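Here is the structure we will look at.
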Amino acid sequence: MTTTRDSKPTRTDKMPLAEIFEILLGGNLSIRIEAYDGSSAGPADADYGLRLKNSRGTTYLVTAPGDLGLARAYISGDLELIGAHPANPYEALRALAADLHFARPTPLELAQIARSLGIEHFKPIAPPPQEALPRWRRFAEGLRHSRARDAEVIHHHYDVSNTFYEWVLGPSMTYTCAVYPTLEASLEEAQENKYRLIFDKLRLEPGDRLLDIGCGWGSMVRYAARRGVHVIGATLSAEQAEWGQQAIIDEGLGEFAEIRHCDYRDVTETGFDAVSSIGLTEHIGVHNYPAYFGFIRDRLRVGGMLLNHCITRPDNNKQNRAGSFIDRYVFPDGELTGSGKIISKLQDIGGMEVIHEENFREHYAMTLRDWNANLVSHWDEAVEEVGEGTARLWGLYMAGCRIGFERNIIQLHHVLATKLDERGGKDLPLRPWWEG
């Protein structure tokens, strides 16, 4: 142990907090741990570490061991990351990831820990206000992926503040993975390139009709409308719809574009030349994929195209549900699966043929890097707009997801498909017709 305190404890003394957390982390730390009782652990010259500021943070860590407790303590301001700006704690999280491997204490250590902490720290307390209800409470208030519950989930995540999103996402107001044409490209160049790529993959031409489901603030809607395509966008977020519709008016695109505040399932028009689904499938629920893809097929004309842009897992075997932190703080009810399952579910509905897929995992890591940088640049304004807890949450979430993409824990896939005629025919070029 490298724990320090004014006097060395005997085993009848209370254990210093830093020693407790060193035990829980398995010892041999390369990071620094500091606690409000004056104790510390790990190398004194470590660049990164954790600083536990008060007893409430201890209660969060004890009552929800793992990422949920850490998130509660961090978002509430009871736990700090040493060596990190809260708007971009990426480097600190990378260092911490090497040490955050919770160990199982021995029975004797557990007894000593319990005695040292006191019973009061084992009594759950209210989580930070940014946390969503647990799954069982959400189930009690509505079936998962019912229209009402989906609307509430979208409101929880997306109706934070349009101003806040403008600072984080930049002028494109695009909350999905960009596609970087070069390593040196800016975020705005990469987002414009993403929409260009999707537009080209869908083979859109002036006069065509596009349905963009889960349209966000309408960036794809406006991109296509500027090129003479008639577009309907649908979003469950009232703030997104209001912002996007105003942007359509400001750009003089009302002849071509419309954003509706509605569930995508409420769109009744058919015969679209293309459907784009950019970052919606994560919210659908895997068991709803057949109905989801069936809806899209039925809205397309024969020969119409679908581009599905979705975060995925690197294989098709892991559980679909997100971890505790993501489920409670970021995407309640969100589900991820492998690209293979997405493709098979799309193929299984009949009448659709998948003709291309590709992975943009590294591009999403770069996108998150640039969003974190934007939050750093607007940190003071962001805290004033949404509060420090929410701003800290977003810095933590984006930096953590960046590590997830870099380490191939999650991926981002485009799946391109077309609606076949009744004989299984299609009229497409033999090889891809777009530039990467």
Side-chain angles (χ1 to χ4, degrees), residues 171-179 181 185 188-235 240-241 243-262 264 266-280 295-309 351-356 358 360 414-421 425-436:
S172 75
M173 281 297 275
T174 298
Y175 186 32
T176 49
C177 175
V179 177
E188 291 310 304
E189 291 169 337
Q191 292 292 14
E192 179 79 3
N193 185 54
K194 184 262 296 292
Y195 290 121
R196 189 274 313 163
L197 177 62
I198 293 174
F199 188 92
D200 289 351
K201 283 182 173 182
L202 291 174
R203 304 187 75 210
L204 288 165
E205 300 286 346
D208 283 351
R209 297 172 62 231
L210 169 67
L211 173 62
D212 185 33
I213 57 179
C215 69
W217 291 270
S219 297
M220 182 69 201
V221 171
R222 297 194 307 282
Y223 183 95
R226 294 184 202 113
R227 289 152 182 81
V229 174
H230 297 274
V231 194
I232 294 174
T235 175
Q240 287 181 338
W243 192 100
Q245 193 61 38
Q246 185 60 52
I248 288 170
I249 294 170
D250 293 344
E251 290 191 40
L253 297 173
E255 176 186 354
F256 295 98
E258 172 191 0
I259 292 179
R260 299 177 184 175
H261 176 215
C262 70
Y264 74 91
D266 293 330
V267 176
T268 58
E269 291 90 339
T270 61
F272 289 97
D273 297 283
V275 173
S276 52
S277 175
I278 307 171
L280 176 65
F295 169 89
I296 292 173
R297 177 199 58 200
D298 295 344
R299 295 303 176 278
L300 286 169
R301 65 167 175 82
V302 171
M305 307 293 296
L306 160 67
L307 189 287
N308 193 79
H309 166 125
M352 296 289 291
E353 181 177 7
V354 173
I355 58 176
H356 190 268
E358 59 182 316
F360 292 97
H414 276 191
V415 175
L416 183 66
T418 189
K419 183 174 180 176
L420 303 172
D421 64 28
K426 64 178 185 289
D427 183 20
L428 293 174
L430 291 176
R431 298 295 300 157
W433 52 86
W434 62 88
E435 294 182 6

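Source: prediction; values computed, not measured.
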Notebook entry, point to check: Who are the side chain to side chain donor-acceptor pair (under 3.5 Å) partners of Tyr195, not counting sequence neighbours?
Noted result: Thr174

Item checked: Contact list for residues 296-309, test salt bridge (charged side-chain N to carboxylate O under 4.0 Å, His left out), sequence neighbours left out -> Asp273-Arg301

Note to self: Nearest 0.5 angstrom please: Leu300 CG to Leu420 CG, how far?
What the structure shows: 11.0 Å

Check: Taking all non-hydrogen atoms of both residues, which atom of Cys177 and which atom of Gln191 are closest, and how far apart?
Finding: O-OE1, 3.9 Å

Checklist line | Closest non-hydrogen atom pair, Met220 against Ser276 | finding: CG-OG, 4.0 Å

Check: So His230 and Phe256, would you call those rings parallel, tilted or perpendicular, with 30° and 60° as cut-offs?
Finding: tilted

Next item on the list: Look up atom CG in Leu416 and atom CG in Leu202, then write down how far apart they are to the nearest 0.5 Å.
Entry: 6.5 Å

Next item on the list: Considering non-hydrogen atoms only, spot the tightest contact between Ile259 and Gly218 and give its length.
Entry: CD1-CA, 3.6 Å

Margin query: To the closest 0.5 Å, what do you measure between CZ (Arg203) and CH2 (Trp433)?
Written below: 5.5 Å

Notebook entry, point to check: Glu205: what forms a side chain to side chain donor-acceptor pair (under 3.5 Å) with it, not counting sequence neighbours?
Noted result: none

Next item on the list: Quick one: closest heavy-atom pair of Ala234 and Val267, and the distance?
Entry: CB-CG2, 4.3 Å

Next item on the list: For Ala225 and Ala257, work out which heavy atoms get closest and say how close.
Entry: CB-CB, 3.8 Å

Note to self: Using the side chain to side chain donor-acceptor pair (under 3.5 Å) criterion, which residues pair with Asp208? Sequence neighbours excluded.
What the structure shows: none

Next item on the list: Identify, with sequence neighbours excluded, every residue that meets side chain to side chain donor-acceptor pair (under 3.5 Å) alongside Asp427.
Entry: none

Next item on the list: Evaluate the side-chain proximity of Val275 to Tyr264: yes if any heavy-atom separation is below 4.5 Å, no if none is.
Entry: no

Next item on the list: With sequence neighbours excluded, tell me which residues meet ring-ring contact (aromatic ring centres under 6.0 Å, His included) with Phe360.
Entry: His363, His414

Notebook entry, point to check: Where the side chain of Arg209 meets the backbone of Ile232, is there a donor-acceptor pair that is under 3.5 Å apart?
Noted result: no

Check: Backbone N or O of Cys215 within a donor-acceptor pair of the Gln240 side chain at under 3.5 Å?
Finding: no

Checklist line | Residues in salt bridge (Lys or Arg N to Asp or Glu O under 4.0 Å) contact with Asp200, at least two apart in sequence or another chain | finding: Arg196

Margin query: Nearest 0.5 angstrom please: Lys194 NZ to His309 NE2, how far?
Written below: 5.0 Å

Notebook entry, point to check: What pairs with Val302 under side chain to side chain contact (heavy atoms under 4.5 Å, CB included), at least two apart in sequence or on another chain?
Noted result: Asp421

Notebook entry, point to check: Hey, what do you get for CE (Met352) to NZ (Lys426), rounding to the nearest 0.5 Å?
Noted result: 12.0 Å

Next item on the list: Mind checking salt bridge (Lys or Arg N to Asp or Glu O under 4.0 Å) for Glu269 and listing every partner two or more places apart, or none if nothing turns up?
Entry: Arg260

Notebook entry, point to check: Between Thr235 and His261, is there a donor-acceptor pair closer than 3.5 Å when you use the side chain of the first and the backbone of the second?
Noted result: no

Notebook entry, point to check: For Glu251, which residues count as a salt bridge (Lys or Arg N to Asp or Glu O under 4.0 Å) partner, sequence neighbours excluded?
Noted result: Arg222, Arg226

Notebook entry, point to check: Got a sec, which residues hit salt bridge (Lys or Arg N to Asp or Glu O under 4.0 Å) with Lys419, two or more places apart in sequence or on another chain?
Noted result: none

Next item on the list: Could you list the residues that satisfy ring-ring contact (aromatic ring centres under 6.0 Å, His included) with Phe272, not counting sequence neighbours?
Entry: none

Check: Which pair of heavy atoms, one from Gly233 and one from Val221, lies closest together, and at what distance?
Finding: CA-CG2, 3.9 Å

Margin query: I need the Leu307 CG to Phe199 CZ distance, nearest 0.5 Å.
Written below: 12.5 Å

Next item on the list: Could you point out which residue of Ile198, Leu210, Val231 forms a side chain to side chain contact (heavy atoms under 4.5 Å, CB included) with Leu204?
Entry: Leu210

Next item on the list: Would you tell me whether Glu189 and Asn193 have side-chain atoms, one donor and one acceptor, within less than 3.5 Å of each other?
Entry: no

